[in-house]
Amino acid sequence: MHKSTSGSLGPSGLDLTQAFFKPISGAASPSSTKRHTKISVIGAGNVGMAIAQTILTQDLADELVLVDAKPEKLRGEMLDLQHAAAFLPRTKIIADVDYAVTVGSDLCIVTAGARQIPGESRLNLLHRNVALFRNVIPPLAKYSPDTILLIVSNPVDILTYVAWKLSGFPSNRVVGSGTNLDSSRFRFLIADHLDVNAQDVQAYIVGEHGDSSVALWSSISVGGVPVLSFLDKQEIAYEKETLESIHKVVIDSAYEVISLKGYTSWAIGYSVAALAWSILRDQRKIHPVSVLAKGFYGVDGGDVFLSLPAQLGRGGVLGVTNVHLTDEEAQRLRDSANTILEQQSQLGL
């Protein structure tokens, strides 16, 4: 299923590279320090392929690997992307069911996950996904011991914790996509209310990627202006219910998209590609992603991954920003952590 060998043509595998290109006089071999970026995407479903497509269009990798349990679909997806080569930056695309193809990956993005069966409990689904991760994470760690694991599969916070445990990696090299997309939806809604560009809005959703997430209203700014402080100083009245309704729309956004088209894909594709860019290009940007949160904001009930504004770079999670939280926000964050810990306690890891 691998991509055909570079430089060969025809069924006999005739190598034309040497005949087609003549080296210039005095040329040296390519430098061994030249960086070759390899990304592996595990899971070729709607989300995995949206991420792969976005990575290709943004020229993030020299080599892109796809791994899935369904060989026919996997080969079809690989060929479909390869056939677009004339319209994309040059990237070697490989696909296989064997995790050995991921060897030497700089970043492994895991989107694989079991789908919920009608009537199935959330806990049973979680147990099935943990069982799946037992077959996914160890081989990734084996073939790429220095990689960074980026978990996208849901429930992302708990599965990021599971990946951390199964890989044995240091905590900075295991990160979940968390509320990065939730925060993008949040920024869009605020920008839409104020009729400004979403890129001029700084706003975070933290905590669980789910119903117990926390909107950090106290730290929202637009064009550098703190919104709530500005409203207070201008004596402009606002209702807390209005703020909560915006947060609820954020929480329900994915459900709405799923009810309309059957799944989410494009927004999470762009969100994860942005995380990959920050990590592999050492951008040191701040993203609300799922990290080991023990010791932050009074979260001390155990090892738990949840979303906090974190600086991302080539080493993975470089640190967590010291964002000011009100007492109410901090308590909601701790409640969110306890929600996750309660579910984790039933896994037996």
Side-chain angles (χ1 to χ4, degrees), residues 1-2 38-52 55 61 63-75 77-78 93-117 120 122-178 209 263 265 268-269 272 275-276 279 289-292 303 305 316 340 343-344 346-349:
M1 190 177 293
H2 288 45
K38 180 174 180 177
I39 299 177
S40 292
V41 177
I42 314 304
N46 296 317
V47 171
M49 293 315 300
I51 292 170
I55 285 171
E63 185 174 352
L64 177 65
V65 175
L66 305 175
V67 177
D68 196 274
K70 300 177 180 178
E72 292 81 9
K73 183 181 189 304
L74 189 59
R75 177 169 173 77
E77 296 287 8
M78 177 190 72
I93 303 171
I94 294 176
D96 210 306
V97 297
D98 188 346
Y99 282 84
V101 295
T102 66
V103 65
S105 294
D106 297 284
L107 180 66
C108 291
I109 302 172
V110 182
T111 72
R115 290 193 175 187
Q116 192 164 15
I117 301 169
E120 182 180 27
R122 180 185 174 94
L123 180 60
N124 191 69
L125 174 63
L126 180 55
H127 277 291
R128 289 202 295 126
N129 273 320
V130 170
L132 185 149
F133 264 46
R134 291 185 187 278
N135 295 320
V136 170
I137 302 301
L140 292 178
K142 171 187 174 183
Y143 289 113
S144 301
D146 297 319
T147 194
I148 294 170
L149 293 175
L150 176 50
I151 310 303
V152 184
S153 312
N154 280 316
V156 67
D157 302 296
I158 296 178
L159 290 180
T160 303
Y161 166 80
V162 171
W164 176 56
K165 285 292 188 180
L166 293 176
S167 67
F169 283 1
S171 57
N172 62 295
R173 290 202 284 119
V174 183
V175 58
S177 56
H209 172 60
Y263 55 90
S265 58
I268 188 62
V272 173
L275 299 178
I279 292 169
V289 289
S290 192
V291 300
L292 183 61
D303 291 331
F305 279 72
I340 298 170
Q343 296 177 63
Q344 275 182 196
Q346 302 176 69
L347 296 180
L349 286 176

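Please read all numbers here as calculations on a predicted model, not as lab measurements.
Residue Gln346 comes nearest to His127 through the heavy atom pair O-CE1, 3.2 Å, listed as atom of the first residue, atom of the second, then distance. The two residues Ala112 and Leu132 make their nearest non-hydrogen contact at CB-CD2, 4.0 Å. Here the closest non-hydrogen pair linking Ser153 and Gly113 is OG-N, 4.4 Å. What you find for Leu150 and Ser177 is that their closest heavy atoms are CD1-N, 4.0 Å. Looking at every heavy atom in both residues, Glu63 comes nearest to Ile94 through OE2-CD1, 3.3 Å. Counting all heavy atoms, side chain and backbone alike, Leu292 lies closest to Ser171 at CD2-CB, 3.8 Å.
For the pair Asp157 (side chain) and His209 (backbone), a donor-acceptor distance under 3.5 Å is present. Between the side chain of Asp96 and the backbone N or O of Val101, no donor-acceptor pair lies under 3.5 Å. Remark: the backbone N or O of Asp303 is paired with a side-chain donor or acceptor of Gln344 at under 3.5 angstrom.
Going from atom SG of Cys108 over to atom OH of Tyr143 covers 12.5 Å, rounded to the nearest 0.5 Å. Leu64 contributes atom CG, which lies 10.5 Å from atom NZ of Lys38 (distance to the nearest 0.5 angstrom). We find the CD1-CZ distance between Ile279 and Arg173 to be 12.0 Å, quoted to the nearest 0.5 Å. The distance from the CZ atom of Phe133 to the CG atom of Leu126 is 10.0 Å, given to the nearest 0.5 Å. Between the CG atom of Leu66 and the CD1 atom of Ile51 there is a distance of 11.0 Å, given to the nearest 0.5 Å. The CD1 atom of Ile158 lies 10.5 Å from the CG atom of Asn129; values are rounded to the nearest 0.5 Å.
Crowding of Lys73 atom NZ: a count of heavy atoms from other residues, nucleotides or ligands under 6.0 Å exceeding 12.
With a 4.5 Å cut-off on side-chain heavy atoms, Val47 and Val272 do not count as touching. At least one side-chain heavy atom of Pro155 sits less than 4.5 Å from a side-chain heavy atom of Leu159. Residues Ile137 and Val110 are in side-chain contact: their nearest non-hydrogen atoms beyond the backbone lie under 4.5 Å apart. Counting heavy atoms from C-beta on, the side chains of Trp164 and Leu149 never come closer than 4.5 Å. Contact check for Val152 versus Ile268: side-chain heavy atoms found under the 4.5 Å cut-off. Contact of the Leu140 side chain with the Val67 side chain is not registered, since no non-hydrogen atoms from C-beta on lie closer than 4.5 Å.
The closest side-chain donor-acceptor pair between Ser105 and Ser40 falls under 3.5 angstrom.
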- Message: As a quick check of understanding, evaluate side-chain contact (heavy atoms from CB on, under 4.5 Å) for Ser167 and Val174, giving each step before the final call.
- Response: CA-CA 9 Å; Ser167 67; Val174 183; 4.0 Å; yes
- Item | Verdict with supporting geometry, Thr111 and Met49, side-chain contact (heavy atoms from CB on, under 4.5 Å) | CA-CA 9 Å; Thr111 72; Met49 293 315 300; over 6 Å; no
- Just do the side-chain contact (heavy atoms from CB on, under 4.5 Å) check on Thr102 and Thr147 with the steps written out, would you? CA-CA 10 Å; Thr102 66; Thr147 194; over 6 Å; no
- Query: Run the side-chain contact (heavy atoms from CB on, under 4.5 Å) check on Val130 and Arg134 step by step: do they pass?
  - Reply: CA-CA 6 Å; Val130 170; Arg134 291 185 187 278; 4.2 Å; yes
